[in-house]
Amino acid sequence: MTDVRVRIAPSPTGPMHVGTAYQALFDWVWARQNDGQFVLRIEDTDQARSQKKYEDELMQSLRWLGLAWDEGPDVGGPYGPYRQSERLSIYAEYAAKLVASGHAYPCFCTSERLAALRKEQQERKEHVGYDGHCRDLATKEVEAKIQAGCAHVIRLEMPKEGACIVEDILREPISLEWGNVDDQVLMKSDGFPTYHLAVVVDDHLMQISHVIRGEEWITSTPKHLMLYEAFGWTPPTYMHLPLLLNPDGSKMSKRRNPTSVEYYRRAGYVPQALLNYLALMAYPPIGDEKFTVEQLAEHFDPAKINLGGSIFDIDKLGWLNGRYLREERTPEALLAELKGWLLNDEYVGQMLPFMQQRLETLGDFVPRVAFFFARQVEPEAEDLVPKKREAAEVARMLQTAVWALDEVVEWDKDGVAEAVRRVAAHWEWPVRDVTVPLIVALTGERVGPPLFESAALLGPELTRMRLLDAMKVLGGLSKKQASRLEKGWRR
Ligand code: GLU
């Protein structure tokens, strides 16, 4: 086999998803088994949504999991830079090559034209997609438009007929009709590449041998294969992993399950158990269901990957985690683990500014701050509903609080307070009718420490889950109710 080089290529647009950890795990295992290299590349070309803080969090989460990378933006390496925003001139150069070789073309269609086209196609119940309008513009016309500074994108010319065969070592070849693949935009009008161009250029230049990623990317693969062909490059070997699923069989999403690695860390799961559980999502037990990533690297056989997709069952993860705590730690190691987690001066110290005024005896402290350490709390429905309010409207309010809090950029007490005020203003409720249910949701108790400080210290992930749990206690919201509510909220 050629040198094995794999990569994880996350976009830093939110907290690190367990799905990213799951891919990283199989990358790491494959690299480890084959004495290869594991590369971390940050795909931050979505300027509006990428944030440095998410990149930092991602690296922290990967480190916590113990999945070390050999090359990356922080450690460098021979194929850098490893952040796509630092490689813009490379993409421009390669896009220009494709235009020069006739594989790609500038497209001057305005967003108005594209919207009108989409509407017409929808009305005529036709395939919705780009119609190739700018494919055959005369060279003179193109030059004149560019000279005149007309905004444009670069599109890849796609075959209109036949089928693309996607080879994947985990499954039979997959045949996808070219007719369903649009002339893909490679460069946006702001000079940034799209994911499709950047991923192919980088995987090639970084000499990635195997692309291990989620199954949701299979339908994008024809675009990538077309790019490899246009450049005259050999594509990598693909391994599309089965998806992680919600209990109802849909793709795992944070609407129902906690999806961020940070949630699991914060709620007290240990990295070995989380990785082991993620491995079990696609791989059979190695003798026992409990096995380490090192064992997996030793025994790994891609043919054993089970392609069905697995339901992420948080109770089963809890059970496995318990086994690690009971079977894999001496009492001393467990104590060290608790200290490293949250039972330390730093965390407890942050409670004192607002707890000191609330104590009569030292013995009051632990019971009052227990919710900061708990995996979950159990609020009572009657405590969650302020006087003269109804359970259903409080559940709706809590959902808007989840959305408002999702948008907090700087997660501190002022950021939380601002979100809470927005929620109160939206419903035209007195602020108390918002803060009372929130404090009950977070602490499980009717009275607790101040809301904004508590949420700030609890962190966004646990706060979010506790609000979702409280909504369930109040009967929850159907998907339909939530989407109606969201329209009103986002207006
Ligand atoms: N940036 C893509 C993501 O966020 C990478 C997909 C791939 O691995 O090709 O998932």
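Just so you know, ligand 1 is whichever comes first in the structure, and atom 1 is the first atom listed for that ligand.
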Under the side chain to side chain contact (heavy atoms under 4.5 Å, CB included) test against Q184, which residue among H224, M158, R155 passes?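 For Q184, the side chain to side chain contact (heavy atoms under 4.5 Å, CB included) test succeeds with only one of H224, M158, R155, which is M158.
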Nearest protein heavy atom with distance in Å, relative to [atom]:
atom	result
atom 4 (O) of ligand 1	S11 OG, 3.3 Å
atom 5 (C) of ligand 1	A9 O, 3.2 Å
atom 9 (O) of ligand 1	Y195 OH, 2.6 Å
atom 10 (O) of ligand 1	W217 CZ2, 3.5 Å

Below 4.0 angstrom from a heavy atom of V199, which ligand 1 atoms are there? Numbered from 1 as shown, please.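 So the answer, numbered in order with elements, is 9 (O).
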So if I count the atoms of ligand 1 from 1 in the order they appear, which ones are less than 4.0 Å from some heavy atom of E43?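 Once the distances to E43 are compared, the set is 1 (N), 2 (C), 5 (C).
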Please report whether ligand 1 has a polar contact with Q23, defined as an N or O pair separated by less than 3.5 Å (distance criterion only).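 No, there is no polar N/O contact under 3.5 Å.
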Electrostatic pair D469:R466 at N-O distance under 4.0 angstrom: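 Salt bridge flag = no for R466 with D469.
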Can we say R323 and D288 salt-bridge, meaning some charged N sits less than 4.0 Å from an Asp/Glu carboxylate O?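 Looking at D288 together with R323, the answer is yes, because their closest N to O distance falls below 4.0 Å.
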Report the C-alpha separation of K160 and D183 in whole Å, then their side-chain angles, then the decisive distance to 0.1 Å, and conclude whether the salt bridge (Lys or Arg N to Asp or Glu O under 4.0 Å) test is met. CA-CA 9 Å; K160 285 280 153 271; D183 279 3; 3.8 Å; yes
Under 4.0 Å from ligand 1, counting heavy atoms only, is it the side chain of R7, its backbone, both or neither?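 Only the side chain of R7 comes within reach of ligand 1.
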Could you check whether R490 makes a cation-pi contact with W403, meaning its NZ or CZ is under 6.0 Å from the centre of the six-membered ring and within 45° of the ring axis?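 Judged by the rule (NZ or CZ under 6.0 Å from the ring centre, within 45° of its axis), R490 counts as positioned above W403.
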Whether T400 side chain and M397 backbone form a donor-acceptor pair below 3.5 Å: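 Checked: pair present.
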